[in-house]
Asks: 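This is the structure I want to talk about, given as structure tokens.
So you know, we letter chains A, B, ... as the sequences are listed, proteins then strands, and number each from 1. Since we're looking at a predicted model, the values are computed, not measured.
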Amino acid sequence: MGITARNWREYPQRYRLEAAKCSQCGKVFFPPRLICNQCKSRKFETIKLPGEGTVKTFTVIRVAPTNFIDEVPYAIGIIELLEGFSTMMQIADCDPEKISIGMKVKLEFRKIQSDGEAGVIMYGYKAVPVSE
Amino acid sequence: MRDVAIIGIGMNEKWGELWDKSIRTIFTEAALNAMDDCNVDHIDSMYIGCMSGGLFVGQEHLGSMLADNLGADFIPATRVESACASGGLAFRQAFMDVASGMSEIVLAGGVEKMLDVDGGAATYALSTAADQEYECFHGVTFPGLYAMIANAHMAKYGTTRKQLAHVSVKNHMNGSKNHRAQFPFKTTLEEVVNSVMVADPLTIMDCSPVTDGAAAVILCPLDLAKKKFANKPIIKVIGSGHATDSIALHDRKDLTWLSAVELSGKRALKMAGKKIADINVCEVHDCFTIAEICVTEALGIFEPGMGGPSVESGITNIGGKIPVNTSGGLKSKGHPVGATGIAQIIEITEQLRGISGDRQVNGAKVGMTQNMGGSGGSSVCHILEVN
Ligand SMILES: [Zn+2]
């Protein structure tokens, strides 16, 4: 399970949280797509996803994939960023026991994992709780 | 289309840790058992469900390799992949091959050799059924994905931790009567709930195991089955349904609803001209306890949200109104991913032949299988009826 192109290919959408919004029906896709599954339009505009959202569901990983073994237990969830649009990310900087569905979070740019001991460091987004 | 029948079935003597045998041997054992079951000495083509020969044993090109090892020289042989639904999909390809008139005697098999690699490598291989760039990248696992479904289901419907455990207890009870099961022991609600936590709220006893195993069935036109293979009850394949969905869980509107399962079920029932209430026995994809609850809802066996209370009530036990996973399911029987869909067909075939022994559902005439890929990104359903 060595490194593959997917880990060093550039992901502007991952670093800048850019999604594609269908110019015809408005459906949002992350990552961007070439055709809308709702209306079949091929025209999109690039939008920046909002930096805040709510927890739609979550879990606490206690048995982790090899690259994440040192981090257990860690929380991961599906975060709703726009009405009808959600994506997956870790929920950091909090006690996993305190996370609940409906909780408000904001997104931050963080290190996600590294490939092996001397491998490429991969960055992306994580959610952290918003103090009310 | 021609009507199609199942005439032969075969598995390994027992599923589990088959360290002394290679993938070619376990597949060939199951295939020969299926051919012996109906006394055929040749097959015209074959389809093999295998999720990841490449990652589990470093072997691709399985169609040719396994046809060669079966002594079926030069036949068309095709490896079929749809993650954990590979076996069910291989069966569907074999069904279409016979139904279309292209081939007469066709083998549908499935195999997975998962214990040749260590746990980390097996977990990685399985995770390739999820979205690598937008799910796995963040450190999610398959138990984690189904745990998220479970938490959403609990929040929406009030499904309880205990109801999840009931799925495991029931399937282990059934599996304890299945000599081929990898883990044929009984368990209790307390044991399930108090086992090692894998991804909250799922413990290790909510999760199906990694398994070495293979299964195979032989199909032919119904007319030929009536003429030449009538010494055993003839099992007709009356419905086949297949559907896909996004492989990323977060792209689905309702995290508790498996649309691919719903649609594959409806398509199979429509082809069969049956209603869900006509089904006497059912094998569904209980890769995790919550999966069985969601599948029984998506198939329409129970109303949305009623999967948990239903398993708790005992209605899905052997002897209940609609027995589910009489084989022990993936949980107890084992889950060699590519072989699972074929083993489900075998369990229903045995139930309809009336040879399931202590697991027999009395008077079963129509049965259904549901085989799922990933967290619901694909689903294949079949409906079988005894002639
Ligand atoms: Zn559109």
Asks: Is the A/F30 ring parallel, tilted or perpendicular to the B/Y134 ring (thresholds 30°, 60°)?
Replies: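 Answer is perpendicular, since the angle exceeds 60°.
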Asks: Quick one, B/H138 and A/Y125 - any side-chain contact, counting heavy atoms below 4.5 Å?
Replies: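 Yes; the side chains approach each other to less than 4.5 Å.
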Asks: Do B/T141 and A/I61 have side-chain heavy atoms sitting under 4.5 Å apart?
Replies: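 In contact.
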Asks: Report yes if the side chains of A/T66 and B/Y124 come closer than 4.5 Å at any heavy-atom pair, otherwise no.
Replies: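 The answer is no; the side chains never approach within 4.5 Å.
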Asks: Do any N or O atoms from the side chain of A/R62 and from the backbone of B/V196 form a donor-acceptor pair under 3.5 angstrom?
Replies: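 Here the side-chain-to-backbone pair does not exist.
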Asks: Would you find a donor on one side and an acceptor on the other, under 3.5 Å apart, between the side chain of A/T57 and the backbone of B/M148?
Replies: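 Yes, A/T57 side chain to B/M148 backbone: donor-acceptor pair under 3.5 Å.
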Asks: Under a 4.5 Å heavy-atom cut-off, does chain B meet the side chain of A/Y74, its backbone, both or neither?
Replies: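 Interface part for A/Y74: side chain.
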Asks: For atom NZ of A/K21, is the number of surrounding heavy atoms from other residues, nucleotides or ligands below 6.0 Å larger than 12?
Replies: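 It does not: A/K21 NZ has 12 such atoms or fewer within range.
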Asks: Taking atom CD of A/E45 as the centre, does the number of heavy atoms from other residues, nucleotides or ligands within less than 6.0 Å exceed 12?
Replies: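 Yes, because the 6.0 Å sphere around CD of A/E45 holds more than 12 heavy atoms from other groups.
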Asks: At a heavy-atom separation under 4.5 Å, does A/I76 approach chain B through its side chain, its backbone, both, or neither?
Replies: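 Contact with chain B involves both backbone and side-chain atoms of A/I76.
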Asks: Considering only heavy atoms, which portion of B/L202 lies under 4.5 Å from any heavy atom of chain A: side chain, backbone, both, or neither?
Replies: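 Neither part.
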Asks: Measure the shortest side-chain to side-chain distance between A/K56 and B/H250 over non-hydrogen atoms and say whether it is less than 4.5 angstrom.
Replies: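 Of all side-chain heavy-atom pairs linking B/H250 with A/K56, none is under 4.5 Å.
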